[in-house]
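Working notes, beginning with the structure itself.
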Amino acid sequence: MKSWGEGGADRLSALIILGFSLAYGYAGKFIQVGFYNGDIGPHHWIYMVASVMVLLGFGLVLRPTQHEFETEVWEDWRKRLPLVGVIIIYSVFLPYTGFLGAMIAMMIVVAKLFGANWKQAILCSVILSLLCLLLFDHLLGISLGRGLWLK
Amino acid sequence: MLPGIGPVNAIAVLFPIVYTLEVPAATVMILFAGIYYGSQYGNSISSILLNVPGTSAAAVTTIDGYAMAKQGLGGKALAMSAIASFIGGTISIFFLALFAPKLAELAINFGPAEYTVLMVFAFIALSSFSQGSLLKAIISAFLGLAIAAIGIDSTTGVSRLTFGMMELYDGIDFIVVVIGFFAVSEILIMLGQKESDQSKMQPLTSLWITFKEMTGSLATSLRSCVSGFLIGVLPGAGGTIASFIAYATEKKLLRPNQFGSGDIRGVAAPESANNSASVGSFIPLLILGVPGSETTAVMLGGLISFGIKPGPLLLETSPDVFWGLAASMFIGNLFLIILNLPLVGLFAKILQTPRWILMPLITMLCVVGAYTINGSEFDVLLILIFGLIGYFLRRADFPLAPLILGVVLGDLIETNFRRAMIYSGGDVIIFFESNICLTLWILAAVSLLAPTLINSIQKKIHS
Amino acid sequence: MRKPMQSILGILTGTAIAATTMLGVAMAKPGNTECIAPAGAGGGWDFTCRVPAAQVMGDMGLINGTMAVTNMSGAGGGKAYAHVVTKRGDDENLIVAASMATAARLGQNVYSGFKASDVRWVGALGADYGAIAVHKDSQFKTLGDLITAMKDNPRRTAIVGGSSAGGWDHLKVLILADKAGISDLKAINYISFDNGGTAMLEILSKRADAFTGDISELVEYEKKGNIRILAILAPDRIPAVPSAKTAKEQGYDVIGANWRGFYVPKNISNARYNEWVDIVTKVANSSQWADLSAKNGLAPFKSFGKDFENFVGGQIGKVAQISTDLGFMK
């Protein structure tokens with residue numbers, strides 16, 4: 001996994017792009033096309049975008065740049081995955097816990113990820129979240145998600 | 001100064017308040033112009049300091065602006081952004097006053113075929129946005145087009161690629177794309193061990209622009225102002241295309257340059273073009289009653305509520321409104337520079353906040369910004385997905401600015417292409433018929449060949 | 001380890017930044033009333049939001065504060081419809097401009113499967129009759145000239161309008177063509193634009209041959225002398241443009257009334273729905289609106305609440321039938 005070889009990194013991304021564009025073009029087949037005027041309908045655009053992307057993908061396979069991936073470090077993902085996790089958890093739990101609970105929990109994790117100690121993380125999360133809530137919900141009347149008990 | 005808070009929202013929110021206060025129309029217009037410029041500048045701040053463009057037009061500013069901020073030159077970039085905006089905004093007001101009726105003709109003569117060619121021209125400008133490979137820049141732009149096609153088709157009203165998901169019927173909001181690809185991917189990168197050491201901001205060095213930098217950027221600002229203004233006059237094209245084209249032109253014209261790695265002229269060009277484009281967009285609004293941008297659409301509403309109906313009769317029935325608006329834009333511009341220049345140092349200090357406060361704060365604002373667009377948790381998930389895709393695209397060395405261009409142009413290029421093809425009955429000759437089309441093709445060809453031409457000329461001079 | 005004082009200072013800086021930056025974010029949505037115009041500014045829906053809603057409701061004090069107007073163009077109103085149904089279903093402060101075009105699209109079932117019953121219909125307060133216009137230098141002097149061209153050379157006779165393909169502006173031309181005995185209706189070259197305003201630019205530039213839209217979109221241009229109105233699709237002539245002949249006068253008995261009104265999200269409370277009905281009724285009966293609507297080429301047309309819901313249902317049925325008859329919809 002250390003070396004991708006000459007242009008290997010670009011070939012890999014090109015393959016992913018190829019796969020994506022084929023799927024994209026294929027999805028265009030399922031558009032329920034109604035009446036359209038002229039020769040180009042709503043699905044043709046999708047085909048056009050997809051086919052150009054396929055060509056571009058092939059182009060990148062044939063003429064990759066010398067760019068090398070810096071190999072992904074697992075250590076880094078041990079920090080990134082929790083961020084991914086808390087955002088997912090946030091969007092799932094927001095309807096139940098409401099903004100304050102979900103946001104404070106998320107911010108504590110993010111603050112910890114960026115090297116805060118517990119005291120700092122909690123203090124920072126609580127203050128910023130409260131401030132945000134105060135501003136949106138109370139001053140401007142924009143709901144940030146109230147949760148189950150405040151409906 | 002955050003993702004999603006463009007001038008449109010600022011004016012839309014403040015308008016009702018001003019209306020109830022019953023201030024005279026002229027004052028309101030001046031206030032609006034002030035807000036308009038102010039929030040536009042606010043977007044430049046987040047582009048430069050945080051690599052998060054708040055509007056599509058500011059996406060270009062991130063390239064050199066953020067690069068400068070990383071080198072500790074954030075203050076300079078901010079100051080240049082304010083100065084270039086001022087130059088672009090002010091000079092274009094004179095254009096507006098002098099040429100408005102003539103330029104309205106240009107807006108009329110710009111049909112679907114011309115728009116399509118203009119978009120192609122904008123795409124050719126992409127060649128300036130690739131650090132390494134042009135192919136990657138184009139792929140990035142097409143990913144943007146692919147994202148833009150999701151949702152209801154403007155021409156026929158059928159839903160495309162929504163996979164039965166209600167949330168996608170509306171299409172994906174531009175702000176979600178920007179927050180995801182720029183801000184969230186940035187946070188992910190920051191979380192890496194290596195990156196967090198590498199991308200540590202250099203301490204702020206000088207805040208002030210030297211005389212040499214000023215004179216060096218002056219020509220850039222002026223050129224960008226002219227091209228930006230002309231593009232702004234076309235309804236629908238607006239600041240995004242203007243800033244992309246201005247940046248691309250300058251990058252090709254100026255030799256030598258460090259565009260892409262923190263050239264101060266790379267900040268001046270898009271900022272000047274963007275501001276003069278927004279002035280230009282008042283021409284179709286005032287003369288034709290057709291708003292050229294979202295902001296002018298909101299302004300149109302304002303004018304109508306004051307009993308002024310922009311349209312073909314405006315210059316005859318109420319010329320005072322026209323001149324009042326021009327004057328108020330000038331004052332708004334002046335205010336902007338007077339208020340902001342002294343504050344540049346303060347803004348730049350934002351970066352010195354400890355990371356464990358700044359990063360959670362940015363995360364919070366991303367999540368809240370995405371949520372409040374539609375009040376939907378789905379958008380929060382989307383910024384995460386786009387953030388992850390953006391992260392890998394950046395690791396694989398794909399530039400992201402073209403992607404933004406693709407998202408913005410997607411609908412425009414598609415509908416205009418389709419309209420042109422209906423006009424011509426499927427014959428592509430329509431894209432080569434009018435003088436405007438031909439001019440644009442020539443410009444496109446020149447812009448493709450310019451770097452080689454300039455190089456060979458320089459060689460000749462030297463030898 | 002930082003000293004506690006430093007951490008507190010840090011947090012204070014953070015909150016200060018948060019406060020200033022969030023003032024920005026906060027502007028995303030106003031807390032008070034909003035009217036969505038499902039097209040760009042300058043067209044008919046935009047007018048419905050800005051004048052009878054934002055202006056008159058505000059002036060008469062029928063709403064708290066003032067009303068924000070949001071332009072949400074796309075898919076002939078389909079984009080806004082989907083937005084309201086999927087995302088704003090219980091927004092009590094939202095009204096949306098609607099018109100015959102909305103009903104037409106619903107009748108053809110082209111709002112991605114959304115039905116008229118997915119929203120609640122508040123009322124209509126005026127009607128804008130259809131009109132066909134050409135550039136002042138156009139070779140077409142009468143409606144008959146245009147129809148002959150559409151018969152003989154449909155592909156080369158480009159007709160522009162502000163609705164998407166199959167929308168109301170398109171339908172008007174089709175109904176007219178059908179009346180005139182043109183059999184291949186699909187050959188008629190209609191090109192859709194975001195709104196009447198941008199479609200009009202196509203006429204001013206002479207790129208397109210004819211414009212189909214509503215009278216209110218034409219009044220200013222007619223006064224300025226840029227265009228010629230070939231026909232209005234009204235029962236009688238309209239005071240705003242007294243010289244324009246009706247289609248009926250020229251032998252084509254077609255009437256296209258584009259009513260202007262509002263719908264609201266489905267899941268709002270009954271009390272609030274009735275409140276909106278009451279507000280719209282008051283606006284429709286006000287002298288201010290009578291004056292403003294006449295100036296903009298609108299004819300009186302009133303229908304509210306339950307009556308209006310039934311009326312819209314009937315219109316949708318009619319369009320569905322016309323579209324099927326014309327071979328436009330399966």
Q: With side-chain contact (heavy atoms from CB on, under 4.5 Å) as the test, would you mind laying out the steps for B/Ile187 and A/Leu83 before giving the verdict?
A: CA-CA 9 Å; B/Ile187 300 170; A/Leu83 179 78; 3.8 Å; yes
Name the atoms and distances for all side-chain donor-acceptor pairs under 3.5 Å in residues 407-418 of chain B, with sequence neighbours left out.
from: B/Asp411; atom 1: OD1; to: B/Ser154; atom 2: OG; distance (Å): 3.0
from: B/Asp411; atom 1: OD2; to: B/Ser154; atom 2: OG; distance (Å): 3.4
from: B/Glu414; atom 1: OE1; to: B/Arg160; atom 2: NH2; distance (Å): 2.8
from: B/Glu414; atom 1: OE2; to: B/Arg160; atom 2: NH1; distance (Å): 2.8
from: B/Glu414; atom 1: OE2; to: B/Arg160; atom 2: NH2; distance (Å): 3.3
from: B/Glu414; atom 1: OE2; to: B/Arg418; atom 2: NH1; distance (Å): 2.5
from: B/Thr415; atom 1: OG1; to: B/Asp411; atom 2: O; distance (Å): 2.8
from: B/Thr415; atom 1: OG1; to: B/Leu412; atom 2: O; distance (Å): 3.4
from: B/Asn416; atom 1: OD1; to: B/Arg419; atom 2: NH1; distance (Å): 3.4
from: B/Asn416; atom 1: ND2; to: B/Leu412; atom 2: O; distance (Å): 2.9
from: B/Arg418; atom 1: NH1; to: B/Asp153; atom 2: OD1; distance (Å): 3.2
from: B/Arg418; atom 1: NH2; to: B/Asp153; atom 2: OD2; distance (Å): 3.0

Could you check if a side-chain atom of [X] sits within less than 4.5 angstrom of a side-chain atom of [Y], using non-hydrogen atoms only?
| X | Y | result |
| --- | --- | --- |
| B/Trp356 | A/Asn117 | no |
| B/Leu358 | A/Phe114 | no |
| A/Ile16 | B/Phe392 | no |
| A/Val84 | B/Leu384 | yes |
| B/Lys136 | A/Asp10 | yes |

Q. Quick check, are the ring centers of A/Trp45 and B/Phe142 under 6.0 angstrom apart?
A. no
What is the distance from atom [atom1] of [X] to atom [atom2] of [Y], rounded to the nearest 0.5 Å?
| X | Y | atom1 | atom2 | answer |
| --- | --- | --- | --- | --- |
| B/Leu145 | A/Met48 | CG | CE | 10.0 Å |
| B/Thr363 | A/Met106 | OG1 | CE | 5.5 Å |
| B/Met364 | A/Cys124 | CE | SG | 8.5 Å |
| A/Ile17 | B/Ile139 | CD1 | CD1 | 5.0 Å |
| A/Ile127 | B/Leu361 | CD1 | CG | 12.5 Å |

Specify the closest pair of heavy atoms between [X] and [Y], including all atoms of both residues, with the distance to one decimal.
| X | Y | answer |
| --- | --- | --- |
| A/Tyr24 | B/Ala146 | OH-O, 2.7 Å |
| B/Pro360 | A/Ala111 | CG-CA, 3.6 Å |
| A/Ala27 | B/Leu161 | CB-CD2, 3.4 Å |
| B/Ala149 | A/Ile46 | CB-CD1, 3.8 Å |

Please state whether the side chain, the backbone, both or neither of [X] comes within less than 4.5 Å of a heavy atom of chain A.
| X | answer |
| --- | --- |
| B/Val367 | side chain |
| B/Phe163 | side chain |
| B/Leu143 | both |
| B/Ile383 | neither |

**Q.** Interchain contact, A/Leu56 with chain B, by part (heavy-atom threshold 4.5 Å)
**A.** both
Q. For A/Met107, is it the side chain, the backbone, both or neither that has a heavy atom under 4.5 Å from a heavy atom of chain B?
A. both
Q | Contact leader toward chain A among B/Val380, B/Ile138, B/Leu188, where contacts are heavy-atom pairs under 4.5 Å | A | B/Leu188
Q: Kindly indicate, with the supporting measurements, whether the criterion side-chain contact (heavy atoms from CB on, under 4.5 Å) is fulfilled by B/Ile357 and A/Gln120.
A: CA-CA 9 Å; B/Ile357 296 177; A/Gln120 291 170 329; over 6 Å; no
Q) Which of residues 85-92 of chain A get closer than 4.5 angstrom to chain B, counting heavy atoms alone? A) A/Ile87, A/Ile88, A/Tyr90, A/Ser91
